[in-house]
A.B. asks: 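Below is the structure I would like to discuss, written out as structure tokens.
As a basis for the values below, the full set of heavy atoms in this structure was taken, side chains included, without hydrogen atoms, waters or symmetry mates. Just follow the structure's listing: the first ligand is 1, and inside any ligand the first atom is 1.
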Amino acid sequence: MSNLPYEPEFEQAYKELASTLENSTLFQKKPEYRKALQVVSVPERVVQFRVVWEDDNQQVQINRGFRVQFNSALGPYKGGLRFHPSVNLSILKFLGFEQIFKNALTGLNMGGGKGGSDFDPKGKSDNEIRRFCVSFMTELCKHIGADTDVPAGDIGVTGREVGFMFGQYKKIRNSWEGVLTGKGGSWGGSLIRPEATGYGVVYYVEHMIKYATQGKESFAGKRVAISGSGNVAQYAALKVIELGGSVVSLSDSQGALVLKGEEGSFTEEEINTIAAIKVERKQISELANTEAFSSKFKYIPGARPWTNIVGRIDVALPSATQNEVSGDEAKALIAAGCKFIAEGSNMGSTQDAIDVFEADRDTKKSEAIWYAPGKAANAGGVAVSGLEMAQNSARVNWTREEVDSRLKKIMEDCFNNGLATAKEYATPSKGALPSLVAGSNIAGFTKVAEAMKDHGDWW
Ligand code: GLU
């Protein structure tokens, strides 16, 4: 490994997957898969480019653009674009690597990819964002296409940015095609795509709760701690409320907003207010001081919600960004009574946190916490992107009900697949719940490895 570049986030994602394969019986049963793991962990292609754009003061601004085309065994490269100042090749390789197996778990024909830029949308005008998107797509359009690589949104990229990029692709390539997902409803977007990741996480956790309690419990009455306040967190929160649960926290990169008391919940209206300020790229802190919010919520600057919740936590849904739950925070969640944790974010938990959750699952049995990794729990977003691609190819539009019922079925299959695979290859100790991280990793990996073998990618 010594001649490899220093890529801490990618190494973390690789080791997380590899360790679950190593600790299962997979390599004993199929030693040839070690070779497949070596091959799948190198991207098929990485495109890196310069993005020059003009700010509102007519000054030249320069950013880095990337697209990691990681794996195309199951379909065109598929995965979001992230615009955030932290973006670098290590982060995009970790995201692209996770995306390969996540996309495999949806059961749809999508390969894995990820891209983005170190451009920071915060503090930029709408015109600056448009000019950046146009410049970014001027280069990216040479490398993507409906049957080659289909980007979408991620942190910092919403329907607005997808629109600007779609328009530029169409102008340069003179082609109206499903080259991006997360499009607007009147120009090829799928209904439920904005809601899909958040809804999907909640649908997935419904299955966890049902399985762990033998059908006795549901979201009704559960106190749910959520981090983040972007697309994933907003729709997860709305679905939790719809199902009778209470949302006790939200957050952004500047701080956490938590309920002051042990009773109550964020309301749909409060979530919509937060969603509205996020469109304007504003911080939660601006709301926290208003009378309506300060009487009900406590705002803790610079903090994450996990150790700041007043009272019991039943479910935790990290839905902000990578490494947002540390080992100590994992212990605090367990101490607060949390029984279910599922990631709306990608790699939301550090390896320390996963180790804490997995040890608890194996030793405390029915009293334990149960952990679901992002690549299974948040697969609903990219799954509905896959449904958007299908609708675009067939030139049809499905109803909300049609898309929502397909999403529910995909999340159910994703849960059952991870569960069954864990029972087969990572037998839990007696009385313990199966490891959803091991099961999902093994199920995603074997599907991709088999397709790659058929294609002669390894032998
Ligand atoms: N960025 C999302 C994810 O992490 C969605 C990707 C997509 O729809 O292509 O899965």
A.B. asks: A side-chain contact here means heavy atoms from C-beta on lying under 4.5 Å apart; do Pro434 and Trp370 qualify?
C.D. replies: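 With C-beta onward as the side chain, the pair touches.
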A.B. asks: Please determine whether side-chain hydrogen bond (donor to acceptor under 3.5 Å, both in side chains) holds for the pair Glu329 and Thr307, giving the CA-CA distance in whole Å, both sets of side-chain angles, and the decisive distance to 0.1 Å.
C.D. replies: CA-CA 6 Å; Glu329 286 167 321; Thr307 55; 5.1 Å; no
A.B. asks: I'd like the atom pairs linking ligand 1 to the protein - N or O on both sides, separation under 3.5 Å - with distances to 0.1 Å.
C.D. replies:
| residue | atom | partner | partner atom | Å |
| --- | --- | --- | --- | --- |
| ligand 1 | 1 (N) | Lys114 | NZ | 3.3 |
| ligand 1 | 1 (N) | Gly153 | O | 2.9 |
| ligand 1 | 1 (N) | Asp154 | OD1 | 2.8 |
| ligand 1 | 4 (O) | Lys102 | NZ | 3.1 |
| ligand 1 | 4 (O) | Lys114 | NZ | 3.1 |
| ligand 1 | 4 (O) | Asn346 | ND2 | 3.0 |
| ligand 1 | 8 (O) | Arg193 | NH2 | 3.0 |
| ligand 1 | 8 (O) | Ser385 | OG | 2.5 |
| ligand 1 | 9 (O) | Lys78 | NZ | 2.7 |
| ligand 1 | 10 (O) | Gln99 | NE2 | 3.1 |
| ligand 1 | 10 (O) | Lys102 | NZ | 2.8 |

A.B. asks: Tell me, yes or no, whether the heavy-atom count around Arg131 atom CZ, taken from other residues, nucleotides or ligands under 6.0 Å, exceeds 12.
C.D. replies: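 Yes - once you tally the heavy atoms of other residues, nucleotides and ligands closer than 6.0 Å, there are more than 12.
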A.B. asks: Between Phe445 and Tyr33, what is the ring plane arrangement, given parallel below 30°, perpendicular above 60°, and tilted in between?
C.D. replies: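 Perpendicular, since the angle between the ring planes exceeds 60°.
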A.B. asks: I'd like to check Thr148 versus Pro76 (side-chain heavy atoms, cut-off strictly below 4.5 Å). Are they in contact?
C.D. replies: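 Thr148 vs Pro76: side chains apart.
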A.B. asks: Quick check: closest heavy atoms across Gly344 and Val201, and the distance to 0.1 Å?
C.D. replies: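 Between these two residues, the closest heavy atoms are CA-CG2, 3.8 Å.
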